[in-house]
Amino acid sequence: MGNPAGRVTDLCGGSITTSNAVNVKINGLDPATLNSKIAGHGDSPHSAPVIVSSSNSVFSGGIGLSKAGDVGSCGHSISTYSSNVNIGA
């Protein structure tokens, strides 16, 4: 069944600000992906974090889409997400 999809503007410590997906929208927003940038929210490692985990089975342009529970380089996990779109592990 998977976990709820993360999107640009959702939270992973700070707001997810970029997507590396190609031609994909989730609830009208770009999806969170591996290496999506996260807004800085403190001193290092929170100053310039990126998403470092994603699905191993759902991709856009060869890049994994991220979902609830995936983590940023700052150690925070995606904590807000789509209420009706899930992404497989």
Side-chain angles (χ1 to χ4, degrees):
M1 175 159 175
N3 288 342
R7 306 156 300 179
V8 168
T9 72
D10 285 334
L11 296 178
C12 187
S15 294
I16 299 167
T17 61
T18 65
S19 175
N20 298 302
V22 178
N23 297 322
V24 175
K25 298 285 185 187
I26 297 173
N27 306 123
L29 299 170
D30 292 329
T33 60
L34 187 65
N35 292 318
S36 284
K37 293 180 183 179
I38 302 166
H41 49 279
D43 295 332
S44 184
H46 306 281
S47 58
V50 296
I51 295 177
V52 296
S53 63
S54 66
S55 174
N56 293 319
S57 63
V58 181
F59 303 91
S60 172
I63 299 168
L65 300 187
S66 297
K67 59 208 176 306
D70 284 334
V71 298
S73 57
C74 56
H76 291 108
S77 61
I78 296 176
S79 59
T80 61
Y81 34 77
S82 172
S83 63
N84 61 358
V85 176
N86 289 335
I87 293 177

Do Ile38 and Ile78 sit in the same hydrophobic cluster, where Ile, Leu, Val, Met, Phe, Trp and Tyr count as joined when their side-chain heavy atoms come under 4.5 Å apart?
-> yes
Thr80 side-chain N/O to Leu11 backbone N/O, donor-acceptor pair under 3.5 Å = yes
Minimal non-hydrogen separation, Ser77 against Gly69, with atom names = CB-O, 3.8 Å
Taking every non-hydrogen atom, the tightest pair across Ser73 and Pro45 | O-CB, 4.1 Å
Ser44 and Ser47: side chain donor to acceptor below 3.5 Å | no
To the nearest 0.5 Å, how far apart are CG in Leu65 and CD1 in Ile87?
-> 4.5 Å
Evaluate whether atom CG of Asp43 has more than 12 neighbouring non-hydrogen atoms of other residues, nucleotides or ligands under 6.0 angstrom away.
-> no
Hey, are the side chains of His46 and His76 touching, using non-hydrogen atoms and a 4.5 Å cut-off?
-> yes
Over all atoms of both residues, closest heavy-atom pair of His41 and Ala39 | ND1-O, 2.9 Å
In this structure, NZ of Lys67 is separated from CD1 of Ile26 (nearest 0.5 Å) by 11.5 Å
Tyr81 and Leu29: same hydrophobic cluster, using ILVMFWY side-chain contacts below 4.5 Å?
-> no
Between atom OG of Ser60 and atom CG of Asn23, what is the distance when rounded to the nearest 0.5 Å?
-> 7.0 Å
Closest approach of Gly88 to Ser55 (non-hydrogen atoms, all atoms of both residues) = O-OG, 2.6 Å
Closest non-hydrogen atom pair between Cys74 and Cys12, with its separation = SG-O, 4.1 Å
Pairwise side-chain contact, Val52 with Val71, heavy-atom cut-off 4.5 Å (strictly under) = yes
Donor-acceptor side-chain pairing of Asp30 and Ser19 below 3.5 angstrom = no
Would you say the side-chain atoms of Ser54 pair up with the backbone N or O of Thr33, donor to acceptor, closer than 3.5 Å?
-> no
Under the 3.5 angstrom rule, does the side chain of Ser66 hit a backbone N or O of Ser53 as a donor-acceptor pair?
-> yes
Test item: Ser36 side-chain N/O and Ile51 main-chain N/O as donor-acceptor pair under 3.5 Å | no
Are a donor atom and an acceptor atom from the side chains of Ser82 and Asn27 found within less than 3.5 Å of each other?
-> yes
